[in-house]
Amino acid sequence: MTASAVGTAAEPARTAVDDDWAELETAALLGTDRRPLPPPGGTGPAGELADAVDRTDQATALLELAALAAVRRRAGATAGAPPAIPAPAAPDPRPEVSEAAARRLAVLLGGRSAAATTANLAELLPQWLSAARERGYRPPAHLVPSLLDTARTRSELRADTVALAGPLGRWLAGQNPDWRFVTRTAPAGTPAIPATSTEPAGPPASAPLDRPTPDGEQLWHEGLFAERVTHLTRLRRSDPTAGLALLASTWSTERAEDRVLFLDALQDGLSASDESFLEAALSDRSKNVRTTAAELLSTLPGSAFAARMAERARAAVRLTDGSAPGAHLAVTPPAACDAAMQRDGIPVKSPTGRGERAWWFGEIVAGAPLALWAQDTGLTPDQLLTLRAADGEADWTDDLHEAWARAAVRQQDAGWARALLGPAPRPGRPGRTSGAPARLLAVLPRAERAAWTAAFVRAHGLSDAFQLLGACATPWTPPLSTAVVAALERAAASGAYPWSHSGVLGMTERALAPETAPAVEALAADAAPDTAWADTFGRLAETLRFRAAMLAELTG
(Lines give C-alpha, C1' and ligand atoms only; values in the text may rest on other atoms or scores of the structure.)
Protein backbone atom coordinates (compact mmCIF):
# COMPACT_ATOMS: atom_id res chain seq x y z
CA MET A 1 0.00 0.00 0.00
CA THR A 2 1.35 3.42 -0.98
CA ALA A 3 1.74 6.32 1.41
CA SER A 4 -1.02 8.24 -0.36
CA ALA A 5 -3.32 5.27 0.01
CA VAL A 6 -2.55 5.06 3.69
CA GLY A 7 -3.35 8.76 4.13
CA THR A 8 -6.62 8.40 2.25
CA ALA A 9 -7.63 5.39 4.30
CA ALA A 10 -6.91 7.24 7.54
CA GLU A 11 -9.15 10.19 6.65
CA PRO A 12 -12.96 10.05 7.06
CA ALA A 13 -14.84 9.64 3.80
CA ARG A 14 -16.12 12.89 2.34
CA THR A 15 -19.87 12.86 1.65
CA ALA A 16 -22.14 14.73 -0.74
CA VAL A 17 -23.50 16.65 2.25
CA ASP A 18 -19.97 17.91 2.99
CA ASP A 19 -19.52 19.01 -0.62
CA ASP A 20 -22.81 20.89 -0.65
CA TRP A 21 -21.92 22.60 2.65
CA ALA A 22 -18.61 23.69 1.12
CA GLU A 23 -20.49 25.11 -1.86
CA LEU A 24 -22.72 27.17 0.43
CA GLU A 25 -19.67 28.42 2.35
CA THR A 26 -18.09 29.56 -0.89
CA ALA A 27 -21.26 31.42 -1.90
CA ALA A 28 -21.31 33.16 1.44
CA LEU A 29 -17.66 34.23 1.14
CA LEU A 30 -17.77 35.36 -2.49
CA GLY A 31 -21.34 36.62 -2.58
CA THR A 32 -24.34 35.23 -4.45
CA ASP A 33 -23.58 37.55 -7.39
CA ARG A 34 -20.29 35.74 -8.07
CA ARG A 35 -21.26 32.28 -6.90
CA PRO A 36 -24.97 31.50 -7.52
CA LEU A 37 -26.94 29.25 -5.25
CA PRO A 38 -27.67 25.64 -6.26
CA PRO A 39 -30.57 25.66 -8.72
CA PRO A 40 -33.96 24.23 -7.76
CA GLY A 41 -34.67 20.71 -8.80
CA GLY A 42 -31.03 19.75 -8.87
CA THR A 43 -29.61 16.43 -7.86
CA GLY A 44 -27.99 15.69 -4.52
CA PRO A 45 -28.76 17.07 -1.09
CA ALA A 46 -28.22 20.72 -2.08
CA GLY A 47 -30.62 20.44 -4.99
CA GLU A 48 -33.24 18.87 -2.79
CA LEU A 49 -32.87 21.65 -0.20
CA ALA A 50 -32.99 24.31 -2.90
CA ASP A 51 -36.58 23.39 -3.70
CA ALA A 52 -37.61 24.34 -0.13
CA VAL A 53 -36.57 28.01 -0.13
CA ASP A 54 -37.85 31.20 -1.69
CA ARG A 55 -35.37 32.64 -4.24
CA THR A 56 -36.78 36.21 -4.19
CA ASP A 57 -33.94 37.44 -1.96
CA GLN A 58 -30.70 35.59 -2.68
CA ALA A 59 -29.08 36.53 0.64
CA THR A 60 -32.09 35.32 2.64
CA ALA A 61 -32.21 32.17 0.56
CA LEU A 62 -28.54 31.51 1.30
CA LEU A 63 -29.13 31.75 5.07
CA GLU A 64 -32.15 29.45 4.84
CA LEU A 65 -30.21 26.91 2.83
CA ALA A 66 -27.35 27.07 5.32
CA ALA A 67 -29.78 26.49 8.22
CA LEU A 68 -31.34 23.48 6.51
CA ALA A 69 -27.94 22.09 5.57
CA ALA A 70 -26.66 22.50 9.12
CA VAL A 71 -29.57 20.48 10.49
CA ARG A 72 -29.00 17.83 7.84
CA ARG A 73 -25.27 17.59 8.66
CA ARG A 74 -25.89 17.24 12.38
CA ALA A 75 -28.64 14.67 11.90
CA GLY A 76 -26.29 12.55 9.88
CA ALA A 77 -23.24 13.00 12.05
CA THR A 78 -21.61 9.94 13.56
CA ALA A 79 -21.59 9.99 17.35
CA GLY A 80 -18.15 10.42 18.84
CA ALA A 81 -16.69 8.43 21.69
CA PRO A 82 -18.39 9.32 25.00
CA PRO A 83 -16.24 11.09 27.58
CA ALA A 84 -14.78 8.90 30.25
CA ILE A 85 -16.91 8.74 33.37
CA PRO A 86 -14.79 9.86 36.34
CA ALA A 87 -14.29 7.43 39.16
CA PRO A 88 -16.75 8.04 42.00
CA ALA A 89 -15.79 9.90 45.15
CA ALA A 90 -14.16 7.88 47.89
CA PRO A 91 -16.60 6.52 50.48
CA ASP A 92 -17.28 8.68 53.53
CA PRO A 93 -17.85 6.59 56.67
CA ARG A 94 -19.21 9.49 58.73
CA PRO A 95 -22.95 9.49 59.52
CA GLU A 96 -25.10 12.04 57.75
CA VAL A 97 -26.79 14.75 59.79
CA SER A 98 -30.42 14.25 60.68
CA GLU A 99 -33.17 15.32 58.33
CA ALA A 100 -34.05 18.23 60.62
CA ALA A 101 -30.40 19.38 60.71
CA ALA A 102 -30.23 19.13 56.92
CA ARG A 103 -33.30 21.35 56.58
CA ARG A 104 -31.70 23.82 58.98
CA LEU A 105 -28.52 23.87 56.89
CA ALA A 106 -30.57 24.60 53.76
CA VAL A 107 -32.15 27.58 55.54
CA LEU A 108 -28.75 28.85 56.70
CA LEU A 109 -27.27 28.52 53.22
CA GLY A 110 -30.20 30.46 51.86
CA GLY A 111 -29.30 33.29 54.23
CA ARG A 112 -32.93 34.16 54.88
CA SER A 113 -34.21 34.78 58.38
CA ALA A 114 -36.83 32.38 59.62
CA ALA A 115 -38.65 35.39 61.01
CA ALA A 116 -38.26 39.14 60.85
CA THR A 117 -37.13 39.13 64.49
CA THR A 118 -34.31 36.65 63.94
CA ALA A 119 -30.67 37.58 63.40
CA ASN A 120 -28.95 37.39 60.05
CA LEU A 121 -28.74 33.64 59.59
CA ALA A 122 -25.59 33.91 57.51
CA GLU A 123 -23.82 34.83 60.75
CA LEU A 124 -25.01 31.58 62.37
CA LEU A 125 -23.76 29.32 59.58
CA PRO A 126 -20.19 29.11 60.99
CA GLN A 127 -21.60 27.77 64.26
CA TRP A 128 -23.60 25.06 62.48
CA LEU A 129 -20.55 23.99 60.48
CA SER A 130 -18.30 23.91 63.52
CA ALA A 131 -20.81 21.96 65.62
CA ALA A 132 -21.45 19.41 62.85
CA ARG A 133 -17.71 18.91 62.31
CA GLU A 134 -16.97 18.48 66.00
CA ARG A 135 -19.70 15.84 66.26
CA GLY A 136 -18.29 13.89 63.32
CA TYR A 137 -21.18 14.36 60.89
CA ARG A 138 -21.24 14.94 57.16
CA PRO A 139 -23.77 17.10 55.29
CA PRO A 140 -26.26 15.58 52.84
CA ALA A 141 -24.75 15.16 49.38
CA HIS A 142 -27.28 17.39 47.65
CA LEU A 143 -26.27 20.37 49.82
CA VAL A 144 -22.51 20.02 49.34
CA PRO A 145 -22.45 22.08 46.07
CA SER A 146 -24.33 24.95 47.77
CA LEU A 147 -21.99 24.70 50.73
CA LEU A 148 -18.94 24.92 48.46
CA ASP A 149 -20.46 27.88 46.60
CA THR A 150 -20.99 29.70 49.89
CA ALA A 151 -17.47 28.98 51.13
CA ARG A 152 -16.03 30.20 47.82
CA THR A 153 -17.18 33.74 48.69
CA ARG A 154 -16.63 33.50 52.47
CA SER A 155 -13.08 32.49 53.26
CA GLU A 156 -13.78 32.22 57.01
CA LEU A 157 -15.99 29.18 56.27
CA ARG A 158 -13.49 27.26 54.19
CA ALA A 159 -11.66 25.25 56.83
CA ASP A 160 -14.86 23.82 58.31
CA THR A 161 -16.41 23.40 54.87
CA VAL A 162 -13.46 21.41 53.55
CA ALA A 163 -13.53 19.16 56.61
CA LEU A 164 -17.31 18.64 56.42
CA ALA A 165 -17.48 18.11 52.65
CA GLY A 166 -14.88 15.36 52.98
CA PRO A 167 -14.18 13.05 50.01
CA LEU A 168 -17.24 14.26 48.09
CA GLY A 169 -16.09 17.87 48.37
CA ARG A 170 -12.64 16.99 47.05
CA TRP A 171 -14.20 15.02 44.20
CA LEU A 172 -16.49 17.91 43.26
CA ALA A 173 -13.58 20.36 43.40
CA GLY A 174 -11.89 18.27 40.73
CA GLN A 175 -14.89 18.77 38.44
CA ASN A 176 -15.47 22.50 38.99
CA PRO A 177 -12.60 25.02 38.92
CA ASP A 178 -14.71 27.47 40.96
CA TRP A 179 -14.14 25.18 43.95
CA ARG A 180 -10.39 24.85 43.61
CA PHE A 181 -10.02 26.44 47.05
CA VAL A 182 -10.78 22.99 48.49
CA THR A 183 -7.34 21.76 47.48
CA ARG A 184 -5.69 24.86 48.93
CA THR A 185 -7.38 24.93 52.32
CA ALA A 186 -6.17 23.13 55.41
CA PRO A 187 -9.27 21.53 56.94
CA ALA A 188 -10.53 22.44 60.38
CA GLY A 189 -9.88 19.97 63.14
CA THR A 190 -6.08 20.20 63.25
CA PRO A 191 -5.49 23.96 63.01
CA ALA A 192 -2.12 25.60 63.23
CA ILE A 193 -1.48 26.73 66.80
CA PRO A 194 -1.45 30.56 66.75
CA ALA A 195 0.85 32.51 68.98
CA THR A 196 -2.13 33.85 70.96
CA SER A 197 -4.09 30.65 71.56
CA THR A 198 -3.80 27.69 73.85
CA GLU A 199 -6.97 25.99 72.67
CA PRO A 200 -6.43 22.26 72.22
CA ALA A 201 -6.99 21.13 68.68
CA GLY A 202 -10.10 19.02 68.22
CA PRO A 203 -10.00 15.56 66.70
CA PRO A 204 -9.37 15.52 62.97
CA ALA A 205 -12.67 15.67 61.14
CA SER A 206 -11.25 14.07 58.01
CA ALA A 207 -7.97 12.31 58.62
CA PRO A 208 -6.94 11.82 54.98
CA LEU A 209 -6.99 15.59 54.47
CA ASP A 210 -4.31 16.05 57.11
CA ARG A 211 -1.80 13.75 55.43
CA PRO A 212 0.43 14.82 52.55
CA THR A 213 -0.81 13.67 49.19
CA PRO A 214 1.34 11.22 47.17
CA ASP A 215 2.16 13.95 44.63
CA GLY A 216 3.25 16.39 47.32
CA GLU A 217 6.68 16.93 45.75
CA GLN A 218 5.10 17.98 42.47
CA LEU A 219 2.59 20.21 44.26
CA TRP A 220 5.41 21.93 46.16
CA HIS A 221 7.32 22.73 42.98
CA GLU A 222 4.43 23.44 40.62
CA GLY A 223 1.42 24.42 42.75
CA LEU A 224 -0.02 27.85 43.44
CA PHE A 225 1.28 29.66 46.50
CA ALA A 226 -1.82 28.95 48.61
CA GLU A 227 -1.58 25.26 47.71
CA ARG A 228 2.07 25.18 48.72
CA VAL A 229 1.39 26.84 52.08
CA THR A 230 -1.41 24.35 52.77
CA HIS A 231 0.81 21.43 51.80
CA LEU A 232 3.66 22.64 54.03
CA THR A 233 1.25 23.14 56.95
CA ARG A 234 -0.12 19.63 56.61
CA LEU A 235 3.34 18.13 56.30
CA ARG A 236 4.56 19.95 59.41
CA ARG A 237 1.68 18.41 61.36
CA SER A 238 2.54 14.87 60.37
CA ASP A 239 6.33 15.08 59.92
CA PRO A 240 7.94 18.37 61.04
CA THR A 241 11.40 17.28 59.94
CA ALA A 242 10.23 16.47 56.41
CA GLY A 243 8.39 19.79 56.26
CA LEU A 244 11.51 21.72 57.21
CA ALA A 245 13.58 19.81 54.64
CA LEU A 246 11.05 20.58 51.93
CA LEU A 247 11.09 24.30 52.76
CA ALA A 248 14.88 24.38 52.91
CA SER A 249 15.13 22.77 49.46
CA THR A 250 13.63 25.84 47.74
CA TRP A 251 14.21 28.55 50.36
CA SER A 252 16.83 30.49 48.40
CA THR A 253 14.53 30.81 45.36
CA GLU A 254 11.38 31.96 47.18
CA ARG A 255 10.12 35.54 47.12
CA ALA A 256 10.54 37.53 50.33
CA GLU A 257 6.81 37.92 50.93
CA ASP A 258 6.37 34.17 50.46
CA ARG A 259 9.21 33.32 52.81
CA VAL A 260 7.44 35.15 55.63
CA LEU A 261 4.30 33.02 55.31
CA PHE A 262 6.30 29.84 54.89
CA LEU A 263 8.06 30.64 58.18
CA ASP A 264 4.67 31.04 59.86
CA ALA A 265 3.90 27.44 58.89
CA LEU A 266 6.85 26.31 61.02
CA GLN A 267 4.82 27.11 64.14
CA ASP A 268 3.35 23.63 63.77
CA GLY A 269 5.76 21.23 65.39
CA LEU A 270 8.30 23.98 66.20
CA SER A 271 11.21 22.50 68.12
CA ALA A 272 14.94 22.76 68.70
CA SER A 273 15.53 20.93 65.41
CA ASP A 274 14.31 24.07 63.60
CA GLU A 275 16.79 26.35 65.37
CA SER A 276 19.64 26.23 62.85
CA PHE A 277 17.30 27.05 59.97
CA LEU A 278 15.77 29.96 61.88
CA GLU A 279 19.21 31.21 62.93
CA ALA A 280 20.18 31.36 59.26
CA ALA A 281 16.94 33.23 58.53
CA LEU A 282 18.08 35.97 60.93
CA SER A 283 20.50 37.01 58.18
CA ASP A 284 17.80 37.12 55.51
CA ARG A 285 17.73 40.18 53.27
CA SER A 286 14.05 40.77 54.15
CA LYS A 287 13.34 42.62 57.38
CA ASN A 288 9.98 40.86 57.79
CA VAL A 289 11.63 37.47 57.46
CA ARG A 290 14.22 38.40 60.09
CA THR A 291 11.51 39.63 62.46
CA THR A 292 9.42 36.48 62.02
CA ALA A 293 12.43 34.23 62.56
CA ALA A 294 13.30 36.13 65.74
CA GLU A 295 9.76 35.76 67.10
CA LEU A 296 9.83 32.02 66.47
CA LEU A 297 13.23 31.63 68.10
CA SER A 298 12.05 33.56 71.15
CA THR A 299 9.50 30.79 71.79
CA LEU A 300 12.33 28.23 72.11
CA PRO A 301 13.65 28.83 75.65
CA GLY A 302 16.77 26.72 75.11
CA SER A 303 17.85 28.38 71.87
CA ALA A 304 21.02 30.40 71.40
CA PHE A 305 18.80 33.34 70.46
CA ALA A 306 17.01 33.14 73.82
CA ALA A 307 20.38 33.04 75.59
CA ARG A 308 21.55 36.18 73.77
CA MET A 309 18.35 38.04 74.61
CA ALA A 310 18.58 36.90 78.23
CA GLU A 311 22.11 38.32 78.47
CA ARG A 312 20.91 41.65 77.11
CA ALA A 313 17.88 41.64 79.43
CA ARG A 314 20.10 41.06 82.48
CA ALA A 315 22.18 44.05 81.48
CA ALA A 316 19.04 46.18 81.07
CA VAL A 317 17.18 45.21 84.28
CA ARG A 318 18.54 44.23 87.66
CA LEU A 319 17.08 43.97 91.13
CA THR A 320 18.49 46.32 93.73
CA ASP A 321 19.04 45.10 97.29
CA GLY A 322 15.89 43.12 97.93
CA SER A 323 16.20 43.55 101.72
CA ALA A 324 16.16 47.37 101.55
CA PRO A 325 12.85 49.20 101.96
CA GLY A 326 13.31 50.97 98.62
CA ALA A 327 14.08 47.86 96.62
CA HIS A 328 13.20 48.27 92.98
CA LEU A 329 14.21 47.18 89.51
CA ALA A 330 17.03 49.31 88.17
CA VAL A 331 16.70 49.86 84.43
CA THR A 332 19.61 50.60 82.11
CA PRO A 333 18.19 50.78 78.60
CA PRO A 334 20.62 50.07 75.75
CA ALA A 335 22.51 53.10 74.48
CA ALA A 336 22.68 51.86 70.88
CA CYS A 337 21.36 49.14 68.62
CA ASP A 338 24.51 47.32 67.59
CA ALA A 339 24.89 44.94 64.64
CA ALA A 340 24.25 41.86 66.81
CA MET A 341 20.96 43.31 68.04
CA GLN A 342 19.93 44.15 64.50
CA ARG A 343 20.69 40.61 63.36
CA ASP A 344 18.43 39.34 66.14
CA GLY A 345 15.49 41.22 64.66
CA ILE A 346 15.62 44.50 66.58
CA PRO A 347 15.15 47.42 64.15
CA VAL A 348 17.24 50.53 64.66
CA LYS A 349 14.22 52.79 64.18
CA SER A 350 11.02 52.27 66.11
CA PRO A 351 8.06 51.59 63.78
CA THR A 352 5.69 52.86 66.48
CA GLY A 353 7.22 56.30 66.97
CA ARG A 354 8.48 55.50 70.47
CA GLY A 355 11.84 56.72 71.66
CA GLU A 356 14.65 54.58 70.33
CA ARG A 357 16.02 53.48 73.72
CA ALA A 358 12.53 52.59 74.97
CA TRP A 359 11.92 50.63 71.77
CA TRP A 360 15.19 48.68 72.04
CA PHE A 361 14.53 48.02 75.72
CA GLY A 362 11.06 46.63 75.03
CA GLU A 363 12.28 44.38 72.22
CA ILE A 364 15.01 42.91 74.40
CA VAL A 365 12.72 42.14 77.34
CA ALA A 366 9.97 40.76 75.08
CA GLY A 367 12.46 38.40 73.43
CA ALA A 368 14.05 37.11 76.64
CA PRO A 369 12.83 33.90 78.35
CA LEU A 370 10.46 34.81 81.18
CA ALA A 371 11.98 32.10 83.37
CA LEU A 372 15.18 34.12 83.76
CA TRP A 373 13.51 36.71 86.04
CA ALA A 374 12.61 34.19 88.71
CA GLN A 375 16.02 32.56 88.34
CA ASP A 376 17.91 35.84 88.77
CA THR A 377 15.76 37.48 91.46
CA GLY A 378 14.12 34.60 93.31
CA LEU A 379 10.81 36.46 93.03
CA THR A 380 7.50 35.31 91.58
CA PRO A 381 5.84 37.20 88.73
CA ASP A 382 3.34 38.72 91.19
CA GLN A 383 6.18 39.97 93.38
CA LEU A 384 8.12 41.37 90.44
CA LEU A 385 5.07 43.27 89.20
CA THR A 386 4.77 45.14 92.51
CA LEU A 387 8.26 46.62 92.12
CA ARG A 388 8.90 49.98 90.55
CA ALA A 389 11.24 49.97 87.54
CA ALA A 390 13.30 53.14 87.19
CA ASP A 391 16.39 54.68 85.66
CA GLY A 392 17.27 57.42 88.11
CA GLU A 393 14.19 59.63 88.10
CA ALA A 394 12.72 58.18 84.90
CA ASP A 395 10.01 55.59 85.45
CA TRP A 396 10.16 52.51 83.23
CA THR A 397 7.51 50.43 84.98
CA ASP A 398 4.90 50.61 82.22
CA ASP A 399 7.49 49.85 79.53
CA LEU A 400 8.72 46.83 81.44
CA HIS A 401 5.24 45.47 82.11
CA GLU A 402 4.23 45.96 78.48
CA ALA A 403 7.31 44.02 77.32
CA TRP A 404 6.63 41.24 79.83
CA ALA A 405 3.06 41.03 78.47
CA ARG A 406 4.37 40.60 74.93
CA ALA A 407 6.74 37.90 76.15
CA ALA A 408 3.92 36.09 77.97
CA VAL A 409 1.80 36.02 74.82
CA ARG A 410 4.70 34.97 72.62
CA GLN A 411 5.88 32.23 75.00
CA GLN A 412 2.34 31.14 75.99
CA ASP A 413 3.20 31.49 79.68
CA ALA A 414 -0.09 31.21 81.58
CA GLY A 415 1.53 32.02 84.94
CA TRP A 416 2.87 35.33 83.73
CA ALA A 417 -0.33 36.13 81.83
CA ARG A 418 -2.33 35.49 85.00
CA ALA A 419 -0.05 37.74 87.04
CA LEU A 420 -0.12 40.53 84.44
CA LEU A 421 -3.91 40.46 84.28
CA GLY A 422 -4.15 40.55 88.04
CA PRO A 423 -7.00 39.24 90.18
CA ALA A 424 -10.48 39.10 88.72
CA PRO A 425 -11.76 42.69 88.66
CA ARG A 426 -14.49 43.87 90.96
CA PRO A 427 -15.96 47.32 91.62
CA GLY A 428 -13.25 49.63 92.84
CA ARG A 429 -10.51 47.20 91.81
CA PRO A 430 -10.08 47.13 88.04
CA GLY A 431 -7.21 44.65 88.09
CA ARG A 432 -3.69 45.13 86.89
CA THR A 433 -4.38 44.54 83.14
CA SER A 434 -0.85 45.20 81.95
CA GLY A 435 -0.26 45.10 78.21
CA ALA A 436 -3.16 44.01 76.00
CA PRO A 437 -5.66 42.22 78.29
CA ALA A 438 -7.44 40.43 75.44
CA ARG A 439 -4.18 38.90 74.18
CA LEU A 440 -3.17 37.88 77.70
CA LEU A 441 -6.59 36.30 78.24
CA ALA A 442 -6.07 34.17 75.13
CA VAL A 443 -3.11 32.48 76.88
CA LEU A 444 -5.31 31.20 79.72
CA PRO A 445 -7.52 28.08 79.65
CA ARG A 446 -10.96 28.82 78.25
CA ALA A 447 -12.81 28.39 81.58
CA GLU A 448 -10.48 30.79 83.37
CA ARG A 449 -10.73 33.21 80.47
CA ALA A 450 -14.50 33.28 80.70
CA ALA A 451 -14.49 33.64 84.50
CA TRP A 452 -12.12 36.63 84.40
CA THR A 453 -14.14 38.34 81.68
CA ALA A 454 -17.41 37.72 83.53
CA ALA A 455 -15.93 39.42 86.60
CA PHE A 456 -14.82 42.35 84.44
CA VAL A 457 -18.29 42.73 82.91
CA ARG A 458 -19.95 42.61 86.32
CA ALA A 459 -17.57 45.26 87.62
CA HIS A 460 -17.32 47.59 84.62
CA GLY A 461 -20.15 46.82 82.24
CA LEU A 462 -19.77 46.44 78.51
CA SER A 463 -18.08 49.68 77.44
CA ASP A 464 -14.55 48.24 77.48
CA ALA A 465 -15.42 44.56 77.22
CA PHE A 466 -15.69 44.05 73.45
CA GLN A 467 -12.14 42.74 72.88
CA LEU A 468 -12.21 40.70 76.10
CA LEU A 469 -15.44 39.00 75.03
CA GLY A 470 -13.92 38.35 71.61
CA ALA A 471 -11.07 36.46 73.29
CA CYS A 472 -13.50 34.06 74.97
CA ALA A 473 -14.45 30.78 73.35
CA THR A 474 -17.97 30.54 71.98
CA PRO A 475 -20.57 29.78 73.02
CA TRP A 476 -19.87 31.67 76.21
CA THR A 477 -20.16 29.83 79.49
CA PRO A 478 -23.44 30.27 81.39
CA PRO A 479 -21.81 32.50 84.06
CA LEU A 480 -20.31 34.79 81.40
CA SER A 481 -23.58 34.82 79.46
CA THR A 482 -25.50 35.70 82.61
CA ALA A 483 -23.09 38.55 83.35
CA VAL A 484 -23.51 39.95 79.83
CA VAL A 485 -27.32 39.77 80.01
CA ALA A 486 -27.26 41.56 83.36
CA ALA A 487 -24.98 44.24 81.90
CA LEU A 488 -27.40 44.71 78.98
CA GLU A 489 -30.24 45.10 81.47
CA ARG A 490 -28.28 47.80 83.30
CA ALA A 491 -27.49 49.55 80.03
CA ALA A 492 -31.18 49.59 79.07
CA ALA A 493 -32.16 50.93 82.49
CA SER A 494 -29.54 53.69 82.29
CA GLY A 495 -31.16 55.19 79.19
CA ALA A 496 -28.35 54.25 76.82
CA TYR A 497 -29.27 53.41 73.25
CA PRO A 498 -28.77 49.85 71.94
CA TRP A 499 -26.51 51.02 69.13
CA SER A 500 -23.99 52.30 71.68
CA HIS A 501 -23.32 48.59 72.34
CA SER A 502 -23.85 47.38 68.78
CA GLY A 503 -20.56 45.47 68.66
CA VAL A 504 -21.32 43.47 71.80
CA LEU A 505 -24.94 42.93 70.75
CA GLY A 506 -23.82 41.50 67.42
CA MET A 507 -21.52 39.16 69.30
CA THR A 508 -24.24 38.04 71.73
CA GLU A 509 -26.38 36.68 68.88
CA ARG A 510 -23.62 34.20 68.07
CA ALA A 511 -22.01 33.66 71.47
CA LEU A 512 -24.56 33.86 74.31
CA ALA A 513 -25.40 30.49 75.83
CA PRO A 514 -28.83 29.51 74.44
CA GLU A 515 -29.91 28.78 78.01
CA THR A 516 -30.18 32.53 78.62
CA ALA A 517 -33.13 32.84 76.21
CA PRO A 518 -35.76 32.97 79.03
CA ALA A 519 -33.88 35.81 80.77
CA VAL A 520 -33.64 37.76 77.51
CA GLU A 521 -37.34 37.16 76.82
CA ALA A 522 -38.13 38.57 80.25
CA LEU A 523 -36.13 41.70 79.40
CA ALA A 524 -38.06 42.04 76.15
CA ALA A 525 -41.36 41.74 78.04
CA ASP A 526 -40.31 44.32 80.64
CA ALA A 527 -39.08 46.86 78.08
CA ALA A 528 -41.45 49.59 76.98
CA PRO A 529 -43.34 48.43 73.87
CA ASP A 530 -42.21 49.63 70.46
CA THR A 531 -38.85 50.84 71.75
CA ALA A 532 -35.37 50.08 70.46
CA TRP A 533 -34.53 47.95 73.49
CA ALA A 534 -37.76 45.95 73.20
CA ASP A 535 -36.96 45.17 69.56
CA THR A 536 -33.33 44.39 70.42
CA PHE A 537 -34.18 41.99 73.23
CA GLY A 538 -36.95 40.36 71.18
CA ARG A 539 -34.63 39.75 68.27
CA LEU A 540 -31.94 38.37 70.57
CA ALA A 541 -34.38 36.02 72.29
CA GLU A 542 -35.63 34.65 68.96
CA THR A 543 -32.05 34.13 67.79
CA LEU A 544 -31.18 32.24 70.97
CA ARG A 545 -34.21 29.99 70.47
CA PHE A 546 -33.14 29.37 66.89
CA ARG A 547 -29.61 28.48 67.97
CA ALA A 548 -30.88 26.19 70.72
CA ALA A 549 -32.98 24.25 68.21
CA MET A 550 -30.09 24.17 65.74
CA LEU A 551 -27.65 22.70 68.26
CA ALA A 552 -30.24 20.24 69.58
CA GLU A 553 -30.73 18.85 66.07
CA LEU A 554 -27.00 18.23 65.75
CA THR A 555 -26.66 16.81 69.26
CA GLY A 556 -29.51 14.38 68.75
Side-chain angles (χ1 to χ4, degrees), residues 193 195-198 270-272 275 294-334 341 344-346 358-391 394-425 429 431-445 448-449 451-452:
I193 302 173
T196 59
S197 173
T198 55
L270 186 67
S271 67
E275 182 181 355
E295 290 179 357
L296 290 173
L297 282 168
S298 69
T299 66
L300 298 174
S303 66
F305 174 91
R308 295 193 298 270
M309 298 303 276
E311 183 180 356
R312 295 176 183 125
R314 288 189 178 101
V317 182
R318 62 179 181 83
L319 177 66
T320 61
D321 187 358
S323 60
H328 66 281
L329 296 171
V331 174
T332 307
M341 291 170 59
D344 283 340
I346 302 178
W359 165 253
W360 302 331
F361 173 77
E363 290 296 290
I364 287 172
V365 175
L370 286 166
L372 84 90
W373 306 108
Q375 294 171 1
D376 287 3
T377 66
L379 302 177
T380 66
D382 282 310
Q383 291 171 328
L384 286 165
L385 289 167
T386 63
L387 298 177
R388 177 173 177 264
D391 172 19
D395 190 280
W396 288 80
T397 305
D398 289 343
D399 295 271
L400 181 59
H401 289 188
E402 190 274 337
W404 276 339
R406 290 165 54 201
V409 171
R410 190 180 295 178
Q411 299 171 36
Q412 294 291 282
D413 192 310
W416 268 93
R418 196 173 290 117
L420 287 158
L421 283 167
R429 191 186 71 185
R432 193 175 290 126
T433 61
S434 302
R439 297 187 66 195
L440 290 169
L441 270 180
V443 178
L444 302 180
E448 187 176 354
R449 213 183 306 171
W452 197 95

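In this chain, numbering begins with 1 at the start of the sequence shown.
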Between atom CZ of Arg312 and atom CZ of Phe361, what is the distance when rounded to the nearest 0.5 Å? 14.5 Å
What are the two closest non-hydrogen atoms of Gln411 and Ser298, and how far apart are they? CG-O, 3.7 Å
Output, in order, the C-alpha distance, side-chain angles, deciding distance and verdict of side-chain contact (heavy atoms from CB on, under 4.5 Å) for Trp373 and Val365. CA-CA 10 Å; Trp373 306 108; Val365 175; 4.2 Å; yes
Criterion side-chain contact (heavy atoms from CB on, under 4.5 Å) on Leu421 and Leu444, from CA distance to verdict: CA-CA 10 Å; Leu421 283 167; Leu444 302 180; 3.7 Å; yes
To the nearest 0.5 Å, how far apart are CG in Leu441 and CZ in Arg449? 7.5 Å
Asp399 and Val331, any side-chain heavy atoms less than 4.5 Å apart: no
For Trp404 and Leu370, indicate whether the former's side chain and the latter's backbone hold a donor-acceptor pair under 3.5 Å. no
With sequence neighbours excluded, residues passing side chain to side chain donor-acceptor pair (under 3.5 Å) with Asp395: Arg388, Thr397
Let me confirm one number: the CG-CG distance from Asp413 to Leu420, rounded to the nearest 0.5 Å. 9.0 Å
If you compare all heavy atoms of Ala313 against all heavy atoms of Leu372, which two are closest, and at what distance to 0.1 Å? CB-CD2, 4.4 Å
Approximate separation, where rounding is to 0.5 Å, of Leu400 CG and Leu384 CG: 8.5 Å
Is it true that a side-chain atom of Thr377 and a backbone atom of Leu319 form a donor plus acceptor pair closer than 3.5 Å? no
What closest approach, in Å, do Leu440 and Ala417 show between heavy atoms, and which atom pair accounts for it? O-CB, 3.8 Å
Let me confirm one number: the CG-CH2 distance from Asp382 to Trp416, rounded to the nearest 0.5 Å. 9.0 Å
Test item: Glu275 side-chain N/O and Ala304 main-chain N/O as donor-acceptor pair under 3.5 Å: yes
Which pairs count as side chain to side chain donor-acceptor pair (under 3.5 Å) when at least one residue sits in residues 358-372, sequence neighbours excluded? Glu363-Arg406
Step through the shown structure and confirm whether more than 12 heavy atoms of other residues, nucleotides or ligands are within 6.0 Å of CD on Gln383. yes
Ignoring hydrogens, what is the shortest heavy-atom contact between Ala407 and Ala366? Give both atom names and the distance. CB-O, 3.5 Å
Specify the closest pair of heavy atoms between Ala327 and Leu387, including all atoms of both residues, with the distance to one decimal. O-CD2, 3.9 Å
How close do Pro333 and Trp396 get, counting heavy atoms only, and between which atoms? CG-CZ2, 3.6 Å
Hey, does Met341 have a side-chain heavy atom less than 4.5 Å from the side chain of Ile364? yes
Could you state the interatomic distance from CG (Leu297) to CZ (Arg308), rounded to the nearest 0.5 Å? 7.5 Å
